[in-house]
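First the proteins, then the strands, lettered A, B, ... as listed; each starts at 1.
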Amino acid sequence: MEYNFREIEKKWQKYWEENKTFKTHIDHNKPKYYVLDMFPYPSGSGLHVGHPLGYIASDIFARFKRHQGYNVLHPMGYDAYGLPAEQYAIQTGTHPKVTTEKNIKRYREQLDQIGFSFDWDREVRTCDPEYYKWTQWTFIKLFKHWFNNKTNQAEPIDELIKEFENNGSQNIDASCDPHESFTAAEWNQMSEKEQQQILMNYRLAYLSETMVNWCPALGTVLANDEVKDGYSERGGHPVERKKMKQWSLRISAYAQRLLEGLEKINWSESIKEVQRNWIGRSEGATVYFKIKEHDKRIDVFTTRPDTLFGSTFMVLAPEHDLVEEITTDEHKKEVEEYVNWAKNRSERDRISDVKKITGVFTGAYGVNPVNGKEVPIWVADYVLSGYGSGAIMAVPGHDSRDFAFAKHFNLPIIQVVVKKDEEPTDPADWSDSYDSKEGVMINSGFLNGMDVNDAITETIKFVENKGIGYGTVNYRLRDAIFSRQRYWGEPFPIYYKDGVPYPLNESELPLELPEVDKYQPTEEGDPPLARAKNWKTKEGYPLEVNTMPGFAGSSGYYYRYMDPRNNQEYFSKEAVKYWRDVDLYMGGEEHATGHLMYARFWSHFLYDLGLTVKTEPFKRLINQGKIQGRSNFVYRVVGTKKFVSYYKRKEYDTQRIHVDVNIVHNDELDIQAFREWMPEYQDAEFILEDNGTYVCGAEVEKMSKSKHNVVNPDDLIEQYGADTFRLYEMFLGPIYDDKPWDTQGIEGVFRFVKKFWRLFHDENNNFNVSEAEPDKKELKILHQTIKKVTDDMERFSFNTTISQFMICTNQLNELKCNKRAILEPLTVLLSPFAPHLAEELWRLLGHEETIAHARDPEFNEEYIKESTHEYPVSFNGKMRFKMELPLDMPKEEIEKKVLEEERAQKYLQGKTPKKVIVVPKKIINVVV
RNA sequence: GCGGCUAUGGCGGAACUGGUAGACGCGUCAGACUUAGGAUCUGGUGCCUUCGGGCGUGGGGGUUCGACUCCCCCUAGCCGCACCA
């Protein structure tokens, strides 16, 4: 074989490993660059061709940055806690650690074959005690901190306690759960337990009774981003709402910072938009409504305080605290029934019945604070308990939900906004609420005549002056539920004394995951850790039996990579000052609301602790597209063992069956292989095309085992080599886009690799590179390539870079150029894409050191300068012919030359052109 | 319902700031070498054509000497959010 990739690739992979070519140290003489992939969960089925796409792109970029002289941090590790290994443990009794280790080994083998430039000495695994020690450590820090809205950051809880001791709670503006305020004297008289209960309202990691997403099939609660349309994202099991005592992280405290942080990072607009929606900031006002014949009041949040005069009724969520209290005896039964019904409704029912209008009247009346009007208070489940205050003022004239409700229950509707130059109309005739984003206020007392925006500001001023409300901001972002009733996860460093949770001392970390006899809940329904023997502290206090969720370990791993073997600290000051943040983060878009939110939150918190130098962890994020499968089909004549070829299938009654794409080449079925594929096809008969072949149908679908369209990288690497595989994955199309996999196309890239090799070798495959001076033509090709490659790299346009390599190789081949002065710089340029090939050629060129740290060739404009340009000449915008003209020729002369040109006469047809446009170095357009 | 993205040959895609539409590759056709080809090499290949040319970037309109690119309207597909007051 002329180009022996099997031997070459193995040789250099071994070289890199033995020489630690990609081991990284802090080096203050070089600028740093941190390239990170989202670390994988090592699943049992290994990699298919879609998985390495992002890793290849980031590896190319990391290698490219090394050639530019950067000190590149490019680590890899494993998000090793996860449900599949645990489910397998429940079924088979195999410890998840064993399964996980086995899967990691397989992953590593597959990754190694592709030739990545990872610094494996920095590998982390989230299930390793040396790693999760710091996950637990961060949890303790979260437990010991609260969020001060005045300073907009996390502060130690000890300082809060001091403030309580001296001044009580009155001066505190914190992000916390609502509770009664108290004086210093009251605080000092409280018992330890009472004090702890108060503090729990402030902690950034806190235990509380909350509505959770309970998934009975998985036996655990799930975070909001792990639930899709009422089903668990993993496994697709039904999810219920349930009140449970759970740990949560107060990510909502950081809502504003997480929103603002998006402005300073280079992420795709789409993913930033998803995060903005998830945070869901809305500005408005909280307004107090008195309740008739009660001393309690109802606080409502509204984004449209200007429409206060249009509020004709109020609605409370079924879970609202005051429902029971205000309901009159007359309505008691009805309300109780409704509340019960609403509470027990599953999330799925609620979602599917959104259009059904339900609700009951409580018998109570609220008092509209601007005009003193009494409005009925209803209970309805279209008002959510979790958003705002769980109560609304209904403005049916200008809100479609309130409108539908008012129509259904025959409640009054008032118009308070009218568009400029329009007359108000009778709401009784409306079929929907009236759009009121712009317009002028009517029927609104002191607001009449103002436009909407002024009225909003004016109303807020008014309620604040009267002490009946205040301008405020609401966020949709919920706190993250942080406990899971599972085995395979980080144990909480928490013990209980008298039912009150306390953190372990940092010196006691890591708190290692205990052994259990079974991986299921106990008979009493406690989580698996309750099965562990002696699951208590030295002093005998019981330890927490929940474990942390999947996102715990992945929220800070990118910092740990900076200093992964440090057993004194999470990471050293020195390391974080040098590496700072991730310059390029590569990974899937599906983590938009999960991992990418939690990691940002985690990073902001570590910043508040003074541990890091940047708030935002990921400067630039690139989301690689998915690779779709390309399925093939055979057509069985129904009820027979006969298979009819694609173009003849219409003549029969057929059934379409997926066939393994690995036994189909260019849509032609390998009949022999098909017979051997499954025993039932052994004696299959075939109705072939007239040319004697069996043609399969094809379609683009998701890549999955059941569709028999999975293509495995191992097979491709065996057949074509890792370099060809890397190149082809990048050649498929833009990195950001989803694209179908078609194994057929890899041949073209393989041919290119072989051609490139041949530039350096004679017909007998002997290395043959000349020391002769390159000529102008050759230098031009080289420098065009340098420019194109360098420009395309920065925009991650790797597919066009590879095209340029192909063009360049074809041209040099034509010129029979084998000159070192051209081929050597090209080798460096190609090396990020085809590193094994480049290393081999580099060595053949006489270099003793690895090519990995060789500097990229410098671009020289002089070599690509042209003195003439082949102008396309258009007539009325249509290109007709081309003319070679000097670049320094004045426009007037070009115009003259073109009009004299023989070929132009035909299009001029004797007329004088109206206008001739000459754009230097671009085009000539003659307007006739 | 709201928000975002996408649409170019038989296929993947290129054209970065308005300036030769279809680079590069696959497939396909023809030829060369060959006992053989699913190897290698050479050439053609958007569509239509009366061989003059005409038509072409999802559809319709507009701006411009010139539009895949900018503006307006529409269609289809994908993704996200979805009683968020």
Side-chain angles (χ1 to χ4, degrees), chain A residues 228-229 268-278 280-282 284 300-304 307 311 315 350-351 353-357 380-384 386-395 398-402 404-405 474-478 589-590 592-593 630 665-668 670 698 700 727-728 731-734 736-752 754 788 791-792 794-795 797 799-807 810 870-882 906 913-919 921-928:
Chain A
K228 292 259 137 69
D229 300 328
S268 75
E269 208 35 57
S270 69
I271 210 162
K272 284 196 203 177
E273 199 53 36
V274 168
Q275 292 216 339
R276 281 187 204 110
N277 288 340
W278 194 258
R281 181 193 155 101
S282 45
V300 301
F301 174 72
T302 173
T303 55
R304 293 296 304 273
T307 62
S311 178
V315 184
R350 213 172 141 139
I351 289 163
D353 286 353
V354 158
K355 291 208 171 72
K356 210 167 136 195
I357 296 162
D381 74 347
Y382 85 92
V383 172
L384 303 177
Y387 185 78
S389 58
I392 63 155
M393 61 172 211
V395 183
H398 306 285
D399 179 288
S400 61
R401 296 153 304 177
D402 297 343
F405 194 83
N474 239 298
Y475 299 92
R476 205 184 69 102
L477 183 68
R478 293 279 90 81
E589 202 154 18
E590 67 273 18
T593 51
R630 187 175 183 278
H665 305 282
N666 196 19
D667 289 341
E668 189 185 320
D670 180 337
V700 172
L727 282 161
Y728 185 54
F731 187 64
L732 280 175
Y736 313 94
D737 295 351
D738 292 351
K739 51 217 161 250
W741 179 266
D742 178 15
T743 299
Q744 193 70 30
I746 199 170
E747 294 282 352
V749 175
F750 191 47
R751 276 195 268 272
F752 154 73
K754 286 188 286 191
K788 177 84 177 145
D791 291 352
D792 284 359
E794 290 302 335
R795 5 177 235 130
S797 181
N799 54 332
T800 53
T801 306
I802 295 167
S803 295
Q804 180 61 34
F805 280 127
M806 288 172 169
I807 293 167
N810 289 342
E870 195 178 32
Y871 280 95
V873 183
S874 306
F875 289 80
N876 291 334
K878 280 195 169 30
M879 209 278 286
R880 296 301 182 179
F881 57 85
K882 288 175 191 175
K906 188 169 152 192
K914 272 192 201 141
K915 203 174 176 186
V916 179
I917 291 132
V918 178
V919 186
K921 234 189 145 182
K922 293 272 188 206
I923 201 176
I924 299 161
N925 191 17
V926 183
V927 186
V928 190

Give the rounded distance in Å between these two atoms: [atom1] of [X] and [atom2] of [N].
X	N	atom1	atom2	answer
A:Lys739	B:A14	NZ	C1'	15 Å
A:Leu727	B:C26	CG	P	14 Å
A:His665	B:G37	NE2	P	18 Å
A:Asn876	B:G19	CG	C1'	15 Å
A:Ile746	B:G13	CD1	C1'	17 Å
A:Arg276	B:A82	CZ	P	17 Å
A:Met879	B:G19	CE	C1'	12 Å
A:Asp399	B:G1	CG	C1'	13 Å

Using atom types as modelled and distance alone, determine if a side-chain donor or acceptor of [X] lies under 3.5 Å from a backbone N or O of [Y].
X	Y	result
A:Arg476	A:Tyr387	no
A:Arg304	A:His398	no
A:Lys788	A:Phe805	no
A:Gln275	A:Ala592	yes
A:Ser311	A:Val395	no
A:Tyr871	A:Lys921	yes

Heavy atoms under 4.0 Å, any strand shown: does [X] hit a base, just sugar-phosphate, or nothing?
X	value
A:Leu732	sugar-phosphate
A:Ile917	base
A:Val315	nothing
A:Val927	sugar-phosphate
A:Ser282	sugar-phosphate
A:Asn474	nothing
A:Asp402	nothing

What interatomic distance, in whole Å, is found between [atom1] of [M] and the corresponding atom of [N]?
N	M	atom1	value
B:A67	B:U28	C1'	32 Å
B:C51	B:C71	C1'	40 Å
B:A23	B:A14	C1'	5 Å
B:A32	B:A39	C1'	14 Å
B:A15	B:C68	P	15 Å
B:G9	B:G27	C1'	12 Å
B:G3	B:C16	C1'	28 Å
B:C55	B:C11	P	24 Å

Would you mind pulling out the nucleotide paired to B:A21, Watson-Crick or G-U wobble, both distances under 3.5 Å?
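WC or wobble partner does not exist here.
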For B:U28, what is the paired nucleotide under Watson-Crick or G-U wobble rules, both distances under 3.5 Å?
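Check on B:U28: paired to B:G44, both distances under 3.5 Å.
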Hey, which of these two, A:Asn799 or A:Glu870, hits RNA chain B nearer its 5' end, going by closest nucleotide?
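Its nearest nucleotide being more 5', the pick is A:Asn799.
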Which comes earlier along RNA chain B counting from the 5' end, the contact point of A:Gly745 or that of A:Lys921, where each point is its nearest nucleotide?
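Its nucleotide being nearer the 5' end, the pick is A:Lys921.
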Torsion-based syn/anti label for B:G22, 90° from 0 as limit
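B:G22: anti.
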Answer syn or anti for B:G60, where the cut-off is 90° from 0 on the glycosidic torsion.
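Anti, which is what one calls it when the glycosidic angle falls more than 90° from 0.
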As a test of reading the structure: which of B:A14, B:C24, B:A15 is closest to the side chain of A:Arg795, going by heavy atoms?
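That would be B:A15.
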Any idea which heavy atoms bring A:Phe405 and A:Ala380 closest together, and the distance?
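Of all heavy-atom pairs spanning A:Phe405 and A:Ala380, the closest is CE1-CB, 3.6 Å.
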Between A:Gly748 and A:Met806, what is the shortest heavy-atom contact and its length?
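Closest heavy-atom pair between A:Gly748 and A:Met806: O-CE, 4.3 Å.
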How about A:Lys356: does its NZ atom have over 12 heavy atoms from other parts shown lying under 6.0 Å from it?
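At most 12 heavy atoms, drawn from other residues, nucleotides or ligands, come within 6.0 Å of this atom.
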At a cut-off of 3.5 Å, list every protein nitrogen or oxygen paired with a nitrogen or oxygen from nucleotides 78-81 of chain B, distance to 0.1 Å.
| from | atom 1 | to | atom 2 | distance (Å) |
| --- | --- | --- | --- | --- |
| B:C81 | O3' | A:Arg476 | NH1 | 3.4 |

For B:U64, does OP1 or OP2 lie under 4.0 Å from any side-chain N or O of A:Asn925?
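Answer is no, no contact under 4.0 Å.
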Determine: side-chain N/O of A:Gln744 to OP1/OP2 of B:G27, distance under 4.0 Å, yes or no.
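So the side-chain polar atoms of A:Gln744 do come within 4.0 Å of the phosphate oxygens OP1 or OP2 of B:G27, strictly under.
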List the steps, then state whether side chain to side chain contact (heavy atoms under 4.5 Å, CB included) holds for A:Ser270 with A:Tyr736.
CA-CA 12 Å; A:Ser270 69; A:Tyr736 313 94; over 6 Å; no
Would you mind checking if A:Arg795 and A:Asp792 are paired as a salt bridge, meaning a charged N to carboxylate O distance below 4.0 Å?
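Between A:Arg795 and A:Asp792 there is a salt bridge, with a charged N closer than 4.0 Å to a carboxylate O.
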How does each nucleotide of nucleotides 40-58 of chain B score, in 5' to 3' order, for protein heavy atoms under 4.0 Å: base (B), sugar-phosphate only (S), or none (-)?
SS----------SSSS---
Can you name the one residue among A:Asp381, A:Val383, A:Val300 that meets side-chain contact (heavy atoms from CB on, under 4.5 Å) with A:Val315?
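Of the listed residues A:Asp381, A:Val383, A:Val300, the side-chain contact (heavy atoms from CB on, under 4.5 Å) partner of A:Val315 is A:Val383.
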